[in-house]
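To keep things clear, I will list the structure first and then write my remarks on it.
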Amino acid sequence: MATGEGADTPSRGIPLKKLQDCIWEIPQSFRAGMNVPGRVYADNDLIQKMAEDLTLTQCANVAHLPGILDRSIVMPDGHQGYGFPIGGVAAFDMENGVISPGGVGYDINCLPIGSKVLTPDGYSVPIEEAHYHGQVICINSKQSTNANIVRRMKRNGEPLLRISTKGGAVIRLTPDHPILTKSGMVESGAINKGTLVATHPFSGMDYAPPPAATILSEHDFKPSISRELKERGLLPLNGNNRNLPALFRLMGYFLGYGAFGGKKTCFYGSKEGMSDLRRDVIALGFSPSKVYRRERASVINNKTFKGVENSVHVSARSLIALLLKLGIPSKCKSKTDFLVPGCVLDSPAWLQRSFLAGYFGAEMDKPQTINGYNFEPPVASCTKYNNNVKSGIAFLQQISKMLEGFGVSTCGIHEEDLGNRVRLKLQLSEKPRSLIHLWSKVGYSFNPKRQRLALAAVSWLRMKESVTDERQRIAVAIMAHKSTGVSFSAAASSVPSDAHVNFRFIERSYYTPLSSKPRVPGGFPRFEEWAKASIDGDIIWDEVVGVAKEEYSGDVYDITVDNPSHNFIAEGVVVSNCGVRLVLSNLDVKDVRPALPKLVEAMFNAVPSGLGSKGGIRLTHQELNEVIDRGVPWAVEKGYGYEEDARRCEEGGSMKTADHTKVSDTARGRGSGQLGTLGSGNHFLEVQAVDRIFDQRAAKAFGVEREGQVVVMIHSGSRGLGHQVCSDYLHVMEQAVSKYGLRIPDRELACAPAGSREASDYFGAMSAACNYAWVNRQCIMHWTRQAFQKTFLTDPERLGMRMVYDVAHNLAKREDHEHGGRRKTLYVHRKGATRAFPAGRPEVPQEYRDIGQPVIIPGSMGTASYLLVGGPRSLELSWGSTAHGAGRFLSREAAIRKYWGSDVKRDLEGRGIQLRAANIRVIAEEAPGAYKDVDRVAEVSNRLGIATIVARLVPLGVTKG
Amino acid sequence: MVYEFLDHKSDVYVRVASPSLSRAFEDAAAAAFEVMLEQGSVRCKKTIDLRVDATDIEQLLYMWVDRLLYHFDAEGFALARAEVRSLRRARSGGFSLSARLHGEDYDPGVHGQKVGVKAMTYSLMSISRGASGRAELRFVLDI
């Protein structure tokens with residue numbers, strides 16, 4: 001195997017590229033379907049060993065998981081596991097989704113035929129045709145972004161749910177389709193009346209194919225300009241050119257807040273709006289300037305206003321030439337006659353909308369009410385010198401005419417005399433229907449603040465309309481009752497109790513009927529206040545008012561987008577929630593050596609180990625629930641240890657996400673008798689001595705004072721309970737895989753979308769198993785302290801038996817990490833990998849926060865172990881992780897063939913290591929030679945700087961299952 | 001030998017070759033317990049009847065061994081012999097297995113303490129059937 005710098009190293013057909021010392025890559029191109037490359041941290045020797053089993057294949061398999069971020073990582077101790085390699089680390093994004101008009105979901109899963117999906121160009125298409133349009137709008141962290149459609153699937157004949165909101169959104173979807181709610185993604189089947197769901201009440205116009213007629217051809221320009229435009233796909237410019245929507249938006253906005261200056265095209269507006277505008281300029285193939293900001297004083301009505309002006313300019317002669325040819329005036333707009341460009345007028349409504357939204361982004365005022373309940377008529381204005389007023393009026397009439405096509409009415413053009421100039425104001429109707437059409441189909445481009453208010457106004461107006469409609473229906477019904485001779489009290493009692501009417505209203509409707517439509521009742525929220533509370537990024541929080549089942553026999557469609565985060569949580573990761581803890585003592589090797597046989601025997605007797613061992617703690621059903629819901633604080637409360645022990649566990653020894661109701665009775669059955677047992681296999685309880693200190697400062701902070709100091713290491717997990725949780729959910733996840741139409745390369749990588757019920761149930765159960773594991777190690781530590789007390793006849797506190805840290809190395813966590821320049825909450829999976837956070841992270845206990853998190857890498861029986869400290873590079877290289885142990889090198893069968901248990905024991909005893917095991921066979925299986933060299937593993941971690949070595953620890957006495 | 005242990009880096013890789021699929025499932029159970037207990041040490045003193053339903057044959061094997069591990073771990077039931085009474089394709093398309101387990105309460109002093117099997121896995125699992133009805137199973141036990 002070639003292992004030179006930069007060499008491509010084939011190993012079992014898997015290409016490996018050496019990027020740097022100890023950093024290897026499996027290119028994403030290795031297999032179709034890999035979403036990210038593989039990344040392996042190992043020296044030349046360790047990587048060679050990994051290439052001998054399935055480690056690298058499994059690393060590549062994990063790279064297939066939907067939503068995996070950046071890379072599929074293998075730690076230096078990596079070896080073959082189930083689904084994930086042992087030593088595997090991967091992170092997944094948590095929140096993302098696609099917008100369908102009205103509802104924000106996780107992907108567009110399973111919406112019936114005809115459901116509208118919004119595209120980035122502001123028009124809607126039926127879901128079954130969405131893939132012809134390439135892109136859809138997604139919501140990512142509450143911001144709308146564009147995403148490519150990469151896959152489309154169809155299912156048939158499933159019952160649907162019809163969810164309606166106060167703000168008038170109605171969505172029909174399958175009950176497994178998750179929707180974004182205030183408390184995260186929730187399956188629609190679990191949505192109730194009153195749930196706040198995210199909506200984006202912009203629908204745009206329906207798509208219609210534009211005419212293919214040529215608007216401009218290369219003969220319209222000088223050859224040099226023509227070439228530049230051709231390169232950008234802007235020539236020939238036909239009616240169906242894919243750049244037209246962006247071009248129309250820019251043209252509309254330019255007629256409001258744009259100007260030419262020399263070779264530059266300049267745009268002015270809000271900072272956020274100018275960033276949006278830059279994206280359109282880039283999409284057209286031009287390079288915009290950054291957003292410039294300057295303070296500027298302006299005079300309006302003789303008053304001076306100080307304001308901030310943000311601008312973007314584009315230096316491109318070809319853009320200016322293009323805009324001029326399309327009918328944009330070259331000089332001062334108020335001194336020039338111009339009309340709406342003909343190509344806009346000839347386009348279908350959805351394309352006209354691009355132009356109108358651009359123009360309104362600059363020239364139309366924001367949605368605002370007079371009194372909280374009635375909107376001011378929106379006004380679009382322009383200013384003209386007296387000689388040019390006529391063309392200004394004609395221009396606004398064209399706008400007015402176009403708006404008719406959107407169901408928006410206007411109320412004429414008003415002229416305001418400004419001396420030598422006239423301000424022309426096109427006033428739009430304030431009727432609710434017209435406003436809803438205006439703001440749900442046209443809106444404002446490059447003016448996100450107004451656009452968000454427009455979305456809120458649509459929801460608010462619909463809510464208002466439904467309440468006033470209801471009041472009218474009730475008034476009419478009461479009048480009808482009266483006319484047929486029904487008594488007042490009978491009429492009043494026919495009104496539903498949750499209707500938006502009070503007694504006075506019923507009385508008035510009965511005795512003095514109103515002639516006009518009823519108004520909103522008292523207590524109805526004022527628009528401005530409601531908008532403030534309901535706008536969140538680009539979404540509007542809206543309350544569910546109805547959920548109804550609906551029979552449906554047609555097709556449902558599911559499209560998958562390439563947005564980098566489809567939020568998957570993979571199940572195969574978490575097997576036993578094992579972990580390690582390290583406990584100090586103030587004893588010295590020379591104190592302990594003479595008493596070693598007695599101490600090891602006392603520990604072996606105190607901590608049940610081996611096959612079928614039962615714990616010293618009998619738990620009732622209720623107590624077991626408390627253990628798995630609460631973790632270490634439960635144990636401390638029951639007297640197993642000190643309060644500070646909990647603080648020195650990862651997560652405080654308690655995952656708050658634990659939920660015992662998500663753990664099956666079967667799993668509970670396996671867990672109830674095993675609390676406080678070591679288990680068998682590679683788990684151990686070991687008395688060790690500090691062999692060498694490498695980092696004095698960190699060692700001191702961790703309480704490691706000197707070489708020769710005696711410490712205890714405990715390596716165990718969540719026992720049968722954790723395994724059963726894993727088996728149970730493997731089948732749940734298998735169903736999820738087919739339900740959500742996921743493609744995975746290995747059955748053990750079964751997973752479910754983050755936010756789905758399956759994923760959240762699993763997370764609750766896995767957290768419960770983690771808590772069980774922490775309590776298990778806590779009990780083992782407690783009895784170890786007692787064994788020391790019994791042997792040295794001194795209480796554990798006086799023996800300085802303080803716990804350094806307890807770190808898990810088999811779990812999935814929600815953690816905050818930097819990704820793509822932003823801080824994000826991710827799911828980080830560590831399968832046989834240890835969290836290794838550097839100094840400063842808030843998760844690190846206060847007393848170590850200046851130093852970094854203690855990291856414990858246990859060796860195998862009879863070999864050294866390491867205490868390390870999380871390094872700053874762990875965040876950039878491995879989502880804050882490092883290795884977790886030595887990693888097997890020989891199979892158990894091979895080890896048994898190679899070693900005799902009794903020889904191994906004799907050999908260890910010859911080196912002064914006392915050994916006590918339930919079964920002699922285990923000793924052969926776990927022979928030191930069967931494992932990779934832990935020194936190498938720790939050294940790679942140290943060299944990479946993901947966790948640096950603090951001290952090397954060597955065994956004195958070992959007890960094994 | 002109806003089953004054998006193949007080489008595997010960290011766990012137990014089992015191969016079972018039996019005259020029928022039902023027998024193969026019985027032998028798979030025996031293999032799982034041989035990992036944990038001394039062979040031939042368990043007597044038939046009590047029985048457990050169980051039924052396993054699964055969506056496909058691989059899942060049936062997984063759940064079958066998983067259930068045996070549950071009875072050992074949670075109830076201390078040491079298996080002497082498994083008797084598969086029926087193994088058939090269900091009308092719904094899945095698979096269904098009924099069995100009677102023979103064994104006794106686990107006693108480390110009598111049955112020995114070899115290595116605990118933590119979990120069944122799908123790793124390297126394969127199930128193949130020959131023309132004469134012979135069945136071969138391969139699977140990995142996580143220990």
Side-chain angles (χ1 to χ4, degrees), chain A residues 52-55 58 79-83 86 572 575-576 609-614 665-674 679-682 717 719-724 726-728 730-731 734-735 738 746-748 750 887-894 897 917-919 921-922 925 930 961, chain B residues 4-14 33 35-38 52-56 58-78 94 105-126 139-143:
Chain A
E52 288 166 13
D53 62 19
L54 294 176
T55 313
Q58 291 181 335
H79 59 109
Q80 169 182 338
Y82 306 107
I86 314 280
V575 181
S576 66
S609 66
L611 184 69
S613 52
K614 296 284 175 201
D665 286 341
T666 324
R668 241 193 288 259
R670 285 181 73 173
S672 64
Q674 292 182 334
S680 65
N682 63 348
R719 313 283 287 109
L721 181 134
H723 288 289
Q724 196 62 45
C726 197
S727 293
D728 292 345
L730 185 54
H731 297 122
E734 275 190 276
Q735 281 172 5
S738 62
D746 178 346
R747 199 165 181 172
E748 297 259 359
R888 280 200 86 87
F889 167 55
L890 282 184
S891 73
R892 291 172 200 266
E893 291 299 312
R897 283 197 296 273
N919 188 307
R921 183 190 156 101
V922 172
E925 285 183 356
Chain B
E4 61 179 321
F5 298 109
L6 307 174
D7 217 41
H8 188 275
K9 186 66 70 76
S10 49
D11 291 303
V12 176
Y13 187 12
V14 184
F33 272 83
V35 176
M36 300 193 282
L37 310 178
E38 295 300 339
V52 183
D53 296 299
T55 54
D56 56 39
E58 285 82 14
Q59 196 183 61
L60 190 74
L61 177 60
Y62 185 106
M63 292 177 88
W64 163 242
V65 177
D66 189 54
R67 282 287 287 279
L68 301 173
L69 296 176
Y70 165 75
H71 286 296
F72 178 76
D73 227 14
E75 296 167 2
F77 178 82
D105 288 341
Y106 173 59
D107 178 348
V110 175
H111 307 126
Q113 264 185 307
K114 287 159 79 178
V115 180
V117 175
K118 293 175 184 166
M120 179 62 176
T121 75
Y122 280 119
S123 180
L124 305 172
M125 186 187 282
S126 75
F139 58 93
V140 172
L141 296 168
D142 180 9
I143 61 172

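Here the structure is a predicted model, which means the values were calculated and not measured. In what follows, every chain begins at residue 1, and chains take the letters A, B, ... in the order their sequences are listed.
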Okay, A:Ser609 and chain B: the region with an atom under 4.5 Å from a heavy atom over there is backbone

Return the option, out of B:Met36, B:Lys114, B:Gln59, B:Met63, with the maximum number of heavy-atom pairs under 4.5 Å with chain A.
B:Gln59

Would you indicate whether the side-chain heavy atoms of A:Arg747 and B:Met125 approach each other to under 4.5 Å?
no

Relative to chain A, which of B:Asp56, B:Val140, B:Leu6 shows the most heavy atom pairs under 4.5 Å?
B:Asp56

Examine whether an atom of B:Tyr13 lies under 4.5 Å from a heavy atom of chain A, and if so say whether it belongs to the side chain, the backbone or both; otherwise answer neither.
neither

Ignoring hydrogens, what is the shortest heavy-atom contact between B:Asp142 and A:Tyr82? Give both atom names and the distance.
CA-OH, 3.4 Å

List in chain and number order the residues that pass side chain to side chain donor-acceptor pair (under 3.5 Å) with B:Gln113, two or more places apart in sequence or in another chain; answer none if no residue qualifies.
none

Minimum-distance pair of heavy atoms, taken over all atoms of B:Tyr70 and A:Gly669
CE1-CA, 4.4 Å

Quick check: closest heavy atoms across A:Glu748 and B:Ser123, and the distance to 0.1 Å?
OE2-N, 3.3 Å

Best-contacting candidate, B:Gly116, B:Gly112, B:Gly76, B:Ala78, against chain A by heavy atom pairs under 4.5 angstrom
B:Gly116

Sequence neighbours excluded, the answer for salt bridge (Lys or Arg N to Asp or Glu O under 4.0 Å) partners of B:Asp107 is none

Side chain proximity check, A:Arg719 to B:Asp73, heavy atoms < 4.5 angstrom
no

Who wins among A:Glu925, A:Glu734, A:Gln735, A:Arg668 for the most heavy-atom pairs under 4.5 Å with chain B?
A:Glu734

Atom pair CG (A:Leu730) and OH (B:Tyr62), whose distance is rounded to the nearest 0.5 Å:
4.5 Å

Over all heavy atoms of both residues, which pair between A:Arg670 and B:Lys118 is shortest? Give the atoms and the distance, please.
NH2-O, 3.1 Å

Please look at B:Tyr106 and chain A and tell me whether the side chain, the backbone, both or neither of the residue comes under 4.5 angstrom of a heavy atom of that chain.
side chain

Is a donor from one side chain sitting under 3.5 angstrom from an acceptor on the other, for B:Asp66 and A:Gln724?
yes

Okay, B:Val12 and chain A: the region with an atom under 4.5 Å from a heavy atom over there is neither

